[in-house]
Amino acid sequence: MTVPTGHRRRAQSHRRGHVTVVDPATGRGFAEVPEQRPEELDAVVDRAHAAWRDWRADPDARRTALLAAADAVEAAAAELAPLLTREQGKPLTESYAEVARTAARLRYFAGLDAGTEPITDGRPVHSELRWRPLGPVAAIVPWNFPLQLASAKFAPALAAGNTMVLKPSPFTPLATRLLGSVLSGALPEGVLTIVTGREPLGARLASHPGIRHVTFTGSAATGRGVAAGAAASLGGNDAAVLLDDVDVEEIADRLFWSAFRNCGQVCMAVKRVYAPARHYARVVEALADRARTTVVGSGLDPDSRLGPVNNAPQLARVERYTARARADGARVAAGGHRLDRPGYFFAPTILADVPAHSPVVTEEQFGPVLPVLPYDTLDEAVGAANGTGFGLGGSVWGTDVDLAAAVADRLECGTAWINHHAELSLAQPFAGAKDSGVGVAGGPWGFYGNLRPFVVHRPEEA
C-alpha cells in the first residue's frame with residue numbers, strides 16, 4: 001500500500017497490522033509492509049521444518065536451485081536496486097553493487113561441498129567424519145546493507161542444507177521482501193521465508209523452540225538481547241593507525257571513503273583515526289577538505305556521493321555524539337550539523353582535538369562523523385586503537401609495508417588491512433574479537449558454521 005507523498009509520518013509509524021517505511025531522503029513514508037504477529041511464527045517455522053526434509057536430502061538439487069537463484073537476482077537488479085536506495089538512502093550505484101554481491105554470494109556458496117573425511121587414529125576402526133545441516137535457522141538483519149547481509153546469512157545456510165526464516169529491519173524491509181519474491185521462483189516453498197515487523201518479533205524468532213541456530217548482525221546492545229541464539233557479528237569501532245612515514249595526500253581519498261562509504265553506516269568502516277603528532281594538522285585538513293567538497297543528496301541523484309542517514313533514531317544518535325564531542329572540547333574541522341533540508345541528512349563531519357574518553361571515540365557512532373586523534377609514540381597509538389571493547393577490524397597506513405604489517409599484527413581485531421580498509425572477499429572469514437562478534441561468517445568457515453559434525457565408526461573388515 002502506498003502512503004500519500006504529501007503526508008508526513010514519523011519513522012515506524014503504522015496503521016494496525018502494518019509498518020510504514022520512510023524514505024530517508026525526504027523523511028516521509030512511502031510504503032507499508034505487514035507486521036507479522038509473534039504468535040504467527042509457529043506456522044512459519046513449521047513450514048520451514050517441512051521444507052527441510054527434502055531440501056537437505058539432495059545436494060545437487062540445492063546447487064542447481066542456488067545457481068538459478070543467483071541468475072534471478074541479477075535479472076531483477078533494475079527493480080531491486082532503486083527500491084533499496086529508496087528505503088535505505090545509499091547512492092544507486094552502491095545499491096546495484098549490493099545486488100551484484102548478493103548474486104555472487106549465492107554462486108560462491110553453491111560451489112562449496114562439505115564432503116566426508118576419514119579419521120585415522122591408530123585404532124582398528126574405520127571412522128568417518130560427515131557433516132549434517134542444522135535444520136530451520138533464523139537470521140535477523142540490520143538496515144545498513146539489507147540485501148548483502150541477508151545473503152551473507154541465507155546463502156551459506158541454504159547451501160549447507162538448512163532452511164531459513166529471515167527478518168529484515170523494519171526500517172528497510174521492502175527490497176528484502178522483493179528479493180524473497182524473486183528467489184521464490186528458484187527455491188522450493190518454505191526454504192526461505194521473509195517475516196516483517198518490529199519487536200518483539202525478532203526476539204520471539206530468536207528464541208523459538210523450532211529454530212536450531214540464530215545469526216544476527218547489528219549493534220552489540222541489540223545483539224545481547226537476541227543472544228538466546230548465537231550472534232554472528234556485532235558492532236565495530238575500527239581504528240586506522242597512520243605511521244610516521246605516511247604520505248598523507250596519497251592515502252587521504254582512500255582513508256576518507258573507508259570511513260564515509262554508505263554515510264559511515266558500515267560495521268567495519270574506519271571510525272577512529274590515529275595520526276602522528278607531526279602530521280596531525282595535515283591529516284585533519286586533508287580529511288576535512290574532502291568532507292566539505294563531497295556532494296550529499298538523494299541516492300537517486302547521480303551526482304550524490306553520500307546519501308542520508310537511514311532513519312530518524314540513527315540521525316538523533318549522530319547528532320547526540322557530535323554535540324557531546326563538542327561539549328567535551330572537540331573542534332569541528334568540517335560539518336558538525338544536520339543539513340537544512342527535508343530528510344535525514346547530516347554533513348560529513350571531521351572532529352579534531354577530541355578527548356579520548358568522548359563517546360564518539362569509545363563507542364560506535366555509525367554515521368558520517370570521524371574523530372581524528374594525535375599520538376606521540378607508536379605504542380601509544382596501538383594501545384589506543386586496542387583500548388575499546390570492540391575488535392572487528394583495523395588498519396595501518398604507511399610507506400614501510402613491513403613495519404605496517406608488524407603494527408597490524410598487534411591490533412586486537414578479526415581483520416587487519418594495510419593501506420586500505422573494509423575490503424573483503426567472499427572466500428575469506430569475517431569475524432571479530434571482544435564485543436565485535438561470536439562465530440565466523442564468510443568463506444568455508446561460514447559454511448561449516450551452518451553444519452554439525454557427525455561421526456560414523458565401523459569395525460575393520462576381518
Side-chain angles (χ1 to χ4, degrees), residues 1-5 7-37 44 69 72-103 139-154 164-185 187 192-199 201-202 205 217-218 262-263 265 298-301 307-315 343-344:
M1 173 182 177
T2 301
V3 178
T5 56
H7 182 61
R8 276 188 186 271
R9 293 176 181 243
R10 295 189 306 164
Q12 298 309 291
S13 63
H14 68 290
R15 62 184 177 87
R16 185 175 180 83
H18 289 75
V19 176
T20 299
V21 182
V22 173
D23 182 341
T26 65
R28 294 175 175 168
F30 73 100
E32 290 182 335
V33 297
E35 181 155 38
Q36 195 111 28
R37 296 191 304 274
V44 172
V73 171
E74 287 180 336
E79 298 174 79
L80 287 164
L83 186 59
L84 177 58
T85 288
R86 187 85 188 275
E87 65 176 346
Q88 202 281 332
K90 66 185 61 181
L92 189 57
T93 54
E94 294 183 23
S95 290
Y96 273 104
E98 186 165 337
V99 173
R101 197 160 179 87
T102 298
I140 299 172
V141 180
W143 43 259
N144 57 329
F145 290 93
L147 301 187
Q148 187 167 313
L149 291 174
S151 65
K153 298 180 185 308
F154 68 68
M164 175 172 281
V165 180
L166 186 146
K167 179 192 172 297
S169 166
F171 292 111
T172 54
L174 297 172
T176 308
R177 279 172 55 85
L178 178 56
L179 177 65
S181 297
V182 169
L183 295 176
S184 67
L187 303 177
L192 176 65
T193 305
I194 314 296
V195 296
T196 54
R198 300 167 301 167
E199 287 306 313
L201 183 64
L205 177 60
T217 301
N262 198 28
C263 207
Q265 299 167 131
S298 167
L300 296 175
D301 183 342
V309 175
N310 174 256
N311 57 75
Q314 187 61 28
L315 177 62
Y344 306 140

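Small disclaimer: the values here were computed from a predicted structure and weren't measured. Sequential numbering from 1 along the given sequence is applied to the chain's residues. As a basis for the values below, the full set of heavy atoms in this structure was taken, side chains included, without hydrogen atoms, waters or symmetry mates.
- The closest side-chain heavy-atom distance from H18 to E35 is not below 4.5 Å.
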(message) Assess the residue pair Y344 and V22 against the criterion (side chain to side chain contact (heavy atoms under 4.5 Å, CB included)); give the C-alpha distance rounded to whole Å, side-chain angles, the decisive distance to 0.1 Å, and a yes or no.
(response) CA-CA 10 Å; Y344 306 140; V22 173; 3.5 Å; yes
(message) For a side chain to side chain contact (heavy atoms under 4.5 Å, CB included) check, start with the C-alpha distance between E79 and V182, then their side-chain angles and the critical distance, and finish with the verdict.
(response) CA-CA 10 Å; E79 298 174 79; V182 169; 5.7 Å; no
(request) Could you go through the salt bridge (charged side-chain N to carboxylate O under 4.0 Å, His left out) check for D23 and R28 one step at a time? (result) CA-CA 6 Å; D23 182 341; R28 294 175 175 168; over 6 Å; no
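- Without hydrogens or angle criteria, E199 side chain to G202 main chain gives a donor-acceptor distance under 3.5 Å.
- Under the 4.5 Å side-chain criterion, counting only non-hydrogen atoms from C-beta, T196 is not in contact with P170.
- Contact annotation: the side chain of P168 never approaches that of P146 to less than 4.5 Å [non-hydrogen atoms, C-beta and beyond].
- At least one donor-acceptor pair under 3.5 Å links the side chain of K167 to the backbone N or O of G197.
- At a threshold of 4.5 Å between non-hydrogen side-chain atoms, the residues M164 and T193 do not count as touching.
- Remark: the backbone N or O of G299 is not paired with any side-chain donor or acceptor of T85 at under 3.5 angstrom.
- Here the straight-line distance linking atom CG of L84 with atom CG of L178 works out to 10.5 Å at 0.5 Å rounding.
- For the atom pair F154 CZ and L149 CG, the distance stands at 11.0 Å (nearest 0.5 Å).
- A distance of 13.5 Å separates CG in L192 from NZ in K153, rounded to the nearest 0.5 Å.
- With rounding to the nearest 0.5 angstrom, the CG atom of L179 is 5.5 Å from the CG atom of L147.
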(request) Please assess V21 against F171 for the test side chain to side chain contact (heavy atoms under 4.5 Å, CB included), listing each intermediate value before the final yes or no. (result) CA-CA 6 Å; V21 182; F171 292 111; over 6 Å; no
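- Once rounded to the nearest 0.5 Å, the distance linking CD of Q314 with CH2 of W143 reads 4.0 Å.
- The distance from atom CD of Q265 to atom NZ of K90, rounded to the nearest 0.5 Å, is 8.5 Å.
- Residues L174 and R86 have side chains not in contact (no heavy-atom distance under 4.5 Å, counting atoms from C-beta outward).
- Although no hydrogens or angles enter the test, the distance criterion places a donor-acceptor pair under 3.5 Å between the side chain of E87 and the main chain of A175.
- Between L166 and V195 there is no side-chain heavy-atom pair separated by less than 4.5 Å.
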